[in-house]
Amino acid sequence: MKISQLAQRAGTETAFEVLVKAKALERQGKNIAHLEIGEPDFNTPENIKQAGIKAIQENFTHYSPSQGILELREAVAEHISSTRNIPVSPDEVVITPGGKDIIFFTALALLNPGDEAIYPNPGYPIYESAIKIAGAIPVPMALLEENDFAFDKEQFKNLVTPKTRLIVVNSPGNPTGGILSPDDLQFIADIAIENDIMILSDEIYSRIIYDGKFLSIASIPGMKERTIVLDGFSKTYAMTGWRLGYGVMNKDVAQTITKLVTNSDSCVATFVQMAGVEALRGPQDEAERMKKIYEERRSIIIDGLNEIPGVSVKMPKGAFYALANIKSFGKTSKELGDYLLYEGGVATLPGTSFGKYGEGYIRFSYATSKEIIKEGLKRTKEALAKL
Ligand SMILES: Cc1ncc(COP(=O)(O)O)c(C=O)c1O
């Protein structure tokens, strides 16, 4: 059997592969401290769960329009209007099974073979994969530690060519925890406007930001029409398994992406969408509480990693990842990640899971309990001391 060229171009998310390896070790009786997966360890807040249960009981169990139920699109439009300070109508919202689909559908909707798309590297691996699936050329924008994993204006300017159709930004970023400053965003916006380029702004961590205020590139004058904002429920409300996310974009792109939803998912489970309405319109204290706990965990993991000889890590400004520099050990990220897993009993992700500029780094997720973080740090320290 021959698989298609399109499928051969698809990449993957190695977080799931490490999870499989770690689970195999657990089946052999080994104890593993899981610091690999970017998944909140909290349960979904009770009011949201109850809204989902009630929706099933009220028979929200049929198809909905592919674009999403109006009530949820209205709730999203209100939320994005107030947090990004731009007028958004429900026609400009598309509901998808997870924010991830917005990456895939944006690439399919906007890119032709031979087009170029700039994306952050190290960055969420699905950007590169989706660009390749669309047959376009992925152009990595290196996020360097010496720039606080922010943005190098000169480098960026040189990457833009007449073939550039899309720029992906992700702030706060996975795996770096870096955020783009207002100045960086303005710089990108100016180039996008001047060269007629669309932006995919992945704002999935916009509510998990510790220092400073979140700013969306869509809020910059002239940018709303050319930005696709990706956001969702997985991280903010600990709803990863519900599969619920959305994109906000101009009406033409919204119609195109809706057509792609019709072709693939038909719609998101209707009761899940009803739970999403409660998430956005109900009390927000649980989301705030989770953020405060991430912030406490951030201090523990950053201090702990920086105490390990040979390891250094910058303070992440948002999301729940620490990208630690491990260059002093003279091993590749993958070798060191495997060593930590098999010898130390700590599951992490090699920086190269996020692209070639992740070489020399290991990502530790702190979306897990303080006890597991402390145990993971202890094991990491002990294992690295033996090298
Ligand atoms: C940067 C980024 N974007 C998008 C997603 C997708 O999230 P979901 O599809 O669960 O909404 C993730 C998940 O890890 C992520 O880290």
Side-chain angles (χ1 to χ4, degrees), residues 11-19 34-42 44 48 68 72 76 79-80 93-107 119-131 141 143 149 167-180 199-209 214 216-217 228-248 257 261 264-265 268-269 272-273 275-276 279-280 287 290 294 316-323 349 351 353-355 358 363-368:
T12 188
E13 217 176 315
T14 35
F16 291 102
E17 287 174 7
V18 173
L19 187 65
H34 287 275
L35 298 179
E36 79 278 39
I37 206 117
E39 146 138 309
D41 60 322
F42 299 107
T44 303
I48 303 174
L72 180 57
V76 168
H79 171 68
I80 296 293
V93 177
V94 185
I95 308 296
T96 45
K100 198 181 216 174
D101 281 51
I102 295 295
I103 302 172
F104 186 55
F105 292 148
T106 297
Y119 69 101
N121 187 318
Y124 188 50
I126 302 306
Y127 307 138
E128 184 177 334
S129 179
I131 295 164
M141 154 84 200
L143 302 182
F149 297 115
I167 299 167
V168 182
V169 295
N170 173 216
S171 175
N174 174 11
T176 65
I179 58 175
L180 293 168
I199 302 281
L200 169 61
S201 182
D202 183 342
E203 305 181 359
I204 198 97
Y205 297 104
S206 56
R207 299 270 296 271
I208 306 176
I209 187 159
F214 172 71
S216 169
I217 194 164
I228 295 157
V229 171
L230 176 166
D231 205 338
F233 300 78
S234 291
K235 317 289 173 175
T236 307
Y237 301 106
M239 287 177 74
T240 44
W242 293 72
R243 306 314 300 135
L244 185 62
Y246 56 85
V248 176
I257 291 193
V261 177
S264 50
D265 310 305
V268 174
V272 167
Q273 297 190 55
L280 286 173
M290 292 188 268
Y294 292 135
K317 298 188 171 90
F320 33 57
Y321 309 110
L323 194 64
L349 283 186
S353 293
F354 303 92
R363 190 193 82 171
F364 294 77
S365 164
Y366 53 93
T368 189

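Each ligand, and each atom within it, is numbered from 1 in the order the structure gives. As a basis for the values below, the full set of heavy atoms in this structure was taken, side chains included, without hydrogen atoms, waters or symmetry mates. Model, not experiment: these values are computed from the prediction.
Look at G99 and you'll find a heavy atom under 4.0 Å from some atom of ligand 1. For the pair S234 and ligand 1, a heavy-atom separation below 4.0 Å is found. A heavy-atom separation below 4.0 Å is not found between E39 and ligand 1. Taking 4.0 Å as the cut-off, Y205 counts as a neighbour of ligand 1 on heavy-atom distance.
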- Item | Derivation and outcome, ring-ring contact (aromatic ring centres under 6.0 Å, His included), residues F354 and Y321 | CA-CA 13 Å; F354 303 92; Y321 309 110; 7.5 Å; no
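Using bins of under 30°, 30° to 60° and over 60° for the plane-to-plane angle, the ring pair Y294/F320 lands in the tilted bin.
Per-residue contacts place G98 under 4.0 angstrom from the following atoms of ligand 1 (heavy atoms of the residue considered): 9 (O), 11 (O). If you number the atoms of ligand 1 from 1 as listed, the ones under 4.0 Å from a heavy atom of Y127 come out as 1 (C).
Counting only distance, with no hydrogens or angles, the side chain of Y237 and the backbone of A279 share a donor-acceptor pair below 3.5 Å. Side-chain atoms of T368 do not come within 3.5 Å of backbone N or O of L35 as any donor-acceptor pair. No donor-acceptor pair closer than 3.5 Å links the side chain of Q273 to the backbone N or O of G68. A side-chain donor-acceptor contact under 3.5 Å links N170 to the backbone of P172. T44 places a side-chain N or O within 3.5 Å of a backbone atom of A238 that can act as its donor or acceptor partner. Of the possible polar contacts, one joining the T96 side chain to the G98 backbone as a donor-acceptor pair under 3.5 Å is found.
Atom-to-atom distance recorded for L180:CG and L143:CG is 8.0 Å, nearest 0.5 angstrom.
Protein heavy atom nearest atom 14 (O) of ligand 1, with residue, atom name and distance: K235 NZ, 2.6 Å. Scanning all protein heavy atoms for the shortest distance to atom 1 (C) of ligand 1 gives D202 OD2, 3.2 Å. Atom 7 (O) of ligand 1 has I204 CD1, 3.9 Å as its closest protein atom, hydrogens excluded (heavy atom only). For atom 9 (O) of ligand 1, the nearest protein heavy atom (residue, atom name, distance) is R243 NH2, 2.8 Å. In terms of protein heavy atoms, atom 6 (C) of ligand 1 is closest to Y124 OH, 3.7 Å.
Counting heavy atoms closer than 4.0 Å to ligand 1, residue F354 contributes nothing at all. Only the side chain of N170 comes within contact range of ligand 1, with a heavy atom under 4.0 Å; no backbone atom does.
Looking at ligand 1, you'll find an N or O of K100 within less than 3.5 Å of one of its N or O atoms.
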